[in-house]
Amino acid sequence: MPELPEVETIVRDLRLKVLQRTFIDIWTDAEKLIKFPAFPKFKKEIIGLKVEGVNRRGKNIIFELSERRILLVHLKMTGHLLLGKWRKTGALWRSEVSGPMQDDPTNRFLHLIFWLDSGQMIALSDMRKFAKVELRKASEFYSSKYFKDLGPEPLSKSFSSKELGERIQKRKRKIKQILMDQSVIAGIGNIYADEILWQAKISPFRPAESLSFWEVEDLCSAMKEVLKKAVAAKGSSVSDYRTLSGEKGKFQEIRKVYRKEGERCPKCGEKIKRQKIGGRSAHFCPKCQK
DNA sequence: AGTTGTGTTGAAGA
DNA sequence: ATCTTCAACACAAC
């Protein structure tokens, strides 16, 4: 699931590879992925635009293009971007280079392809076709409700436990749900919510407003620490996420609780439990998370 | 072989 | 306002 660390990894790699490149053609077999404008117009408009910047906001990938346009990509659950070269053989696209692009089935769900003037291609592989792709005028996008409603970036230097406290106090929902609310903090999903709460020794069931000053401080530092470690590990590939080159991240190897029901807590040895909170699985240690 | 679990977001319903 | 449910979609595991 691409959350902040996964999207950050993709954005950093894109910056190294596609700056100053121009889109020369696109293809899709799933026009519904393009939410705005409708596919024929999207295709006509993006051809000839140059990539001048690539940024991340929450879980959103924002390509800054020439003509003051932006290309927005949200990968949702099973989407990931790949950079490479493919050839169409029958119904499916086959990578021209061997390795994970060819061998890993996760990298074979190509539903949208961009050709660049460098000869490289950017492909969106998305088993469930939930991803969102939009081409908009930058001014309209940055002033949109969608963009303005995103909460602060947890890894920005200015994000402090004071701000976190202000944003979660008086909120009655469970802290796990608050952490995943993109309008409270941007970029955290199920994996990192569970990992952060374990690290901070806070139960996912606690009403957000019940956290003490010190617990908010612990939560804030756990958040920064876990997310930074995950970025350094190039994200988590528990299931579908892959890097631009089609490889798995490494954070799943060092995660402590997410999808580890029945295993031992690394801190106290108690068995990790799994329980639904608002329809989502929460993984936690019932002994050391209070 | 049908059922369930998977998680992000936004919309709809309570 | 705040919360819950569902839909979008497709596959693996049971």
Side-chain angles (χ1 to χ4, degrees), chain A residues 1-8 10 28-36 39 56-62 72-81 91-92 104-112 124-134 136 141 144-151 154 167-197 204-210 227 230 235-242 248-249 251-252 255 257-262 273-284:
Chain A
M1 285 36 73
E3 304 177 30
L4 185 154
E6 290 76 28
V7 177
E8 180 66 23
I10 292 170
T28 186
D29 66 350
E31 296 193 3
K32 292 183 84 172
L33 291 170
I34 287 107
K35 312 293 178 184
F36 187 89
F39 181 71
R56 180 189 61 75
R57 183 73 176 88
K59 303 176 191 174
N60 299 279
I61 301 169
I62 301 171
L72 173 74
V73 178
H74 193 302
L75 299 165
K76 297 286 180 83
M77 291 182 60
T78 56
H80 55 281
L81 292 183
L92 62 148
D104 187 341
T106 302
N107 293 330
R108 287 181 203 153
F109 299 93
L110 272 44
H111 294 299
L112 176 60
L124 170 66
S125 177
D126 187 0
M127 183 178 81
R128 290 172 71 173
K129 295 191 246 183
F130 279 2
K132 171 173 90 172
V133 179
E134 298 180 352
R136 293 189 181 272
F141 175 70
S144 68
K145 179 167 162 44
Y146 175 78
F147 185 76
K148 293 211 291 198
D149 278 353
L150 289 170
R167 298 187 75 86
I168 71 173
Q169 70 182 355
K170 293 178 186 167
R171 316 221 44 161
K172 300 182 196 309
R173 285 152 78 208
K174 297 175 178 66
I175 186 62
K176 153 119 172 156
Q177 296 175 293
I178 293 292
L179 283 183
M180 294 194 295
D181 184 331
Q182 302 303 297
S183 69
V184 178
I185 309 141
I188 296 172
N190 216 20
I191 299 175
Y192 298 107
D194 285 357
E195 294 295 322
I196 289 165
L197 287 168
F205 299 95
R206 290 274 299 282
E209 62 181 0
S210 75
L227 293 174
S236 305
S237 298
V238 180
S239 56
D240 300 79
Y241 165 73
R242 297 294 183 273
K248 291 185 177 186
F251 189 83
Q252 71 280 6
R255 75 196 197 279
V257 287
Y258 179 75
R259 287 214 199 169
K260 288 200 175 240
E261 185 184 18
K273 288 195 86 173
R274 178 166 70 110
Q275 217 172 312
K276 291 273 179 184
I277 297 181
R280 310 268 165 77
S281 284
H283 311 78
F284 60 100

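Order of the sequence lines sets the chain letters (A, B, ...), proteins ahead of strands, with each chain counted from 1.
Annotation: cation-pi geometry not satisfied between A:K176 and A:Y192 (NZ/CZ under 6.0 angstrom from ring centroid, within 45° of ring axis).
Following rounding to the nearest Å, A:L179 (CG) and B:dT9 (P) show an atom-to-atom distance of 14 Å. We find that CZ of A:F130 is positioned 15 Å from P of C:dC6, with the value rounded to whole Å. Rounded to whole angstrom, the span from the NE2 atom of A:H80 across to the P atom of B:dT8 amounts to 17 Å. Rounded to whole angstrom, the span from the CD atom of A:E209 across to the C1' atom of C:dA1 amounts to 15 Å. Taking atom CG on A:L150 and atom P on B:dT8, their separation rounds to 15 Å, with Å as the unit. Distance A:M1 CE to B:dG5 C1': 12 Å, rounded to the nearest Å. Summarising the geometry, the separation between NZ on A:K145 and P on B:dG10 is reported as 10 Å, rounded to the nearest angstrom. In this structure, CG of A:D194 is placed 10 Å from P of B:dT8, rounded to the nearest angstrom.
In this structure, A:R274 reaches the sugar-phosphate backbone alone: every heavy-atom distance under 4.0 Å involves primed, P, OP1 or OP2 atoms, never a base. No contact: A:Y241 has no heavy atom under 4.0 Å from any strand. Nucleic acid contact class of A:K174 (heavy atoms, under 4.0 Å, all strands): none.
Note on A:K276: a side-chain N or O is less than 4.0 Å away from OP1 or OP2 of B:dT6. Side-chain N/O atoms of A:R173 include one lying less than 4.0 angstrom from OP1 or OP2 on C:dC3. A:K132 has no side-chain polar atom (N or O) that falls below the 4.0 Å cut-off from OP1 or OP2 of C:dA8. Applying the 4.0 Å criterion to OP1 and OP2 of B:dT9, one finds that A:K59 has a side-chain N or O inside that range. For B:dT9, one of the phosphate oxygens OP1 or OP2 lies less than 4.0 angstrom from a side-chain nitrogen or oxygen of A:H74.
Without hydrogens or angle criteria, A:E195 side chain to A:V257 main chain gives a donor-acceptor distance under 3.5 Å.
A donor-acceptor contact under 3.5 angstrom links the side-chain atoms of A:R128 to the base of B:dT6.
Checking C:dC9 for Watson-Crick or G-U wobble geometry (two distances, each under 3.5 Å) identifies no partner in any strand.
Classified by interplanar angle (parallel below 30°, tilted 30° to 60°, perpendicular above 60°), the ring pair A:H283/A:Y258 is perpendicular. Using cut-offs of 30° and 60° on the angle between ring planes, the pair A:F205 and A:F284 is perpendicular.
Nearest-nucleotide mapping onto DNA chain C: of A:M127 and A:R171, the residue sitting toward the 5' end is A:R171.
Taking the P atom of each, C:dC11 and B:dT9 are spaced 22 Å apart, rounded to whole Å.
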Pair A:R242-A:T106, side chain to side chain contact (heavy atoms under 4.5 Å, CB included): steps then yes or no: CA-CA 8 Å; A:R242 297 294 183 273; A:T106 302; 3.3 Å; yes
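In the set B:dT6, B:dT9, C:dC3, the nucleotide with an atom closest to the side chain of A:Q182 is B:dT9. Picking from B:dT9, C:dC11, B:dT6 the nucleotide with the shortest atom distance to the side chain of A:R259 gives B:dT6. Taking only side-chain atoms of A:S281, from C-beta outward, the nucleotide of B:dT6, C:dC11, B:dT8 with the closest atom is B:dT6.
Partner of A:V133 under the side chain to side chain contact (heavy atoms under 4.5 Å, CB included) criterion, chosen from A:L75, A:L124, A:T28, A:L72: A:L124.
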